[in-house]
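Presented below is the structure to which this report refers.
Proteins come first, then strands; the chains are lettered A, B, ... in the order of their sequence lines, and each starts at number 1.
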There are 2 protein chains.
Amino acid sequence: MNLTPLVQSFVLHFGEMGSRWGINRTVGQIYALLFVSARPLNADEIAEALAFSRSNVSMGLKELESWRLVRLLHQPGDRREYFSAPEDVWAIFRTLAEERRKREVDPTLTMLRDALLVQPDNEPDRHAQKRMASMHELIELSTSWFADVQKLDERTLRQLMKLGSAAQKLLLMKDSLKPAATRNKKAAGP
Amino acid sequence: MNLTPLVQSFVLHFGEMGSRWGINRTVGQIYALLFVSARPLNADEIAEALAFSRSNVSMGLKELESWRLVRLLHQPGDRREYFSAPEDVWAIFRTLAEERRKREVDPTLTMLRDALLVQPDNEPDRHAQKRMASMHELIELSTSWFADVQKLDERTLRQLMKLGSAAQKLLLMKDSLKPAATRNKKAAGP
DNA sequence: TATACTTTTCAGTAATTCCTGAACGTCGAC
DNA sequence: GTCGACGTTCAGGAATTACTGAAAAGTATA
């Protein structure tokens, strides 16, 4: 399989971006290739297209599977494993965010919580704990908010985003119209 | 300078996390140390506390400056440069997001836009372009939304987040109060 | 069960990234 | 100017990570 220049540049870009992340070049390129491919590909096709060794592709696919970014499937009458990237970019985004949370955010929250349980016995620790507490609050708040928002379906999410900072105005309105709370409550009901 | 166990564990954790990102261990540790420090530190103090070479610290600080994550300042009567991490965690978050956008998102958007300008002359390219277009739309939408939300002050942001998916309900309310024709059209549209 | 095909593992090597010490540059005090 | 304190650069060695080929382990079919 020969890549077109268009696909080539996309794949190379993702390789680069991957290595800026923790993800390595190989994995980024494999994912990019699957993302733009019109049909599922097997490991040999990927290895040939990207000029990687078969074993490197195998490892890359395993990594992508651990991120739940690729789907494994079979073609009738073919024993080989085929891989594809899910269609829905919003779902992909969700998956990515969820995995990153699991791998990066959660351990950090655990570490912070543990640190905040310690009774500080000196000034540096007292200050450090204050700083950690503020970080903990920010992370806690933003991830739980994100988890919440992430549950919305694509259409609603799209609306929310298009609304942009106008959401702020709705908020402020709610805030300044205390007596009108009944009206809001009524209108927002299911 | 000797680190307390509390600070030590925080610093080590950030070193680890750093290397999961593109950032290396050194840089992560330096930042963590500055973050919890009650006063600005100079390069020698950092080098001693973390047991890195002076030159390593110098490079790390340069990197952190390029991310605008540390502030350079001077103490009266002291020629050395002192560094501190900004206090406000919300501001830090903002800075981080902005820099990442500049370094990762913007180049990707440029690549995608260029790719979408090409007139595809074969089926694979036609499909690839469709996929790239959907990715482009998602990134465009979410980053412009994020830029918008990021302008809010801390208090409002905090409110917005605490509101969580209740924001969804406000949105739906707004939607359901429109003439039925609009809503139906929207729901059935692409 | 044997066979042929496919995927995975892994030890070794290649490539990359990290880190250091030494040399160099800069700047203010004298 | 010289001196000394401080910051930066950089070549090269150390450490880590990526990648490969060969061998092993699965697996469906006959």
Side-chain angles (χ1 to χ4, degrees), chain A residues 1 11-34 40-67 69-84 103-104, chain B residues 1 11-12 14-34 40-67 70-84 103-104:
Chain A
M1 184 163 44
V11 162
L12 291 179
H13 179 88
F14 263 74
E16 283 311 308
M17 276 310 159
S19 49
R20 275 201 193 213
W21 261 30
I23 275 173
N24 74 32
R25 221 180 70 252
T26 312
V27 176
Q29 292 194 10
I30 294 174
Y31 183 73
L33 179 61
L34 290 173
L41 302 176
N42 65 47
D44 283 312
E45 289 172 319
I46 296 170
E48 199 215 326
L50 302 178
F52 293 147
S53 74
R54 181 65 184 70
S55 56
N56 198 5
V57 170
S58 176
M59 291 190 296
L61 287 169
K62 237 183 83 185
E63 168 111 20
L64 286 171
E65 279 186 285
S66 85
W67 281 85
L69 285 172
V70 295
R71 178 158 301 147
L72 166 63
L73 37 91
H74 287 95
Q75 312 262 317
D78 191 334
R79 267 173 54 192
R80 287 170 297 182
E81 296 179 334
Y82 283 77
F83 296 87
S84 71
R103 293 162 192 239
E104 293 160 26
Chain B
M1 185 163 44
V11 161
L12 291 179
F14 263 74
E16 282 312 307
M17 277 309 160
S19 50
R20 273 200 194 215
W21 261 28
I23 274 173
N24 73 31
R25 220 179 72 254
T26 312
V27 175
Q29 293 195 10
I30 294 174
Y31 183 73
L33 179 61
L34 290 173
L41 302 176
N42 65 47
D44 283 310
E45 289 172 321
I46 297 170
E48 199 215 325
L50 302 178
F52 294 147
S53 72
R54 183 64 186 67
S55 56
N56 198 5
V57 170
S58 177
M59 292 190 297
L61 286 170
K62 241 183 80 184
E63 169 111 18
L64 286 172
E65 280 186 284
S66 85
W67 281 85
V70 294
R71 180 158 299 145
L72 167 63
L73 38 91
H74 291 277
Q75 312 262 318
D78 191 334
R79 269 172 53 194
R80 286 169 297 182
E81 297 178 333
Y82 284 78
F83 296 87
S84 71
R103 292 162 192 239
E104 292 159 25

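- Listed by first and then second residue, the salt bridge (Lys or Arg N to Asp or Glu O under 4.0 Å) pairs that reach into residues 49-63 of chain A are A:Asp44-A:Arg54, sequence neighbours excluded.
- In this view, A:Glu104 and A:Arg100 satisfy the salt bridge (Lys or Arg N to Asp or Glu O under 4.0 Å) rule, not counting sequence neighbours.
- By the side chain to side chain donor-acceptor pair (under 3.5 Å) test, B:Ser55 is found to be paired with B:Ser53, residues two or more places apart in sequence or in another chain being considered.
- Taking atom CG of residue A:Leu41 and atom P of nucleotide C:dT7, one finds them 13 Å apart after rounding to whole Å.
- Every residue two or more places apart in sequence or in another chain that forms a salt bridge (Lys or Arg N to Asp or Glu O under 4.0 Å) with A:Arg103 is listed here: A:Glu99.
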Please encode protein proximity along nucleotides 5-23 of chain D as a string of B, S and -, counting only heavy-atom distances under 4.0 Å. BSSBB--------SSBB--
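- A:Arg80 is linked by a salt bridge (Lys or Arg N to Asp or Glu O under 4.0 Å) to A:Asp78, counting only residues two or more places apart in sequence or in another chain.
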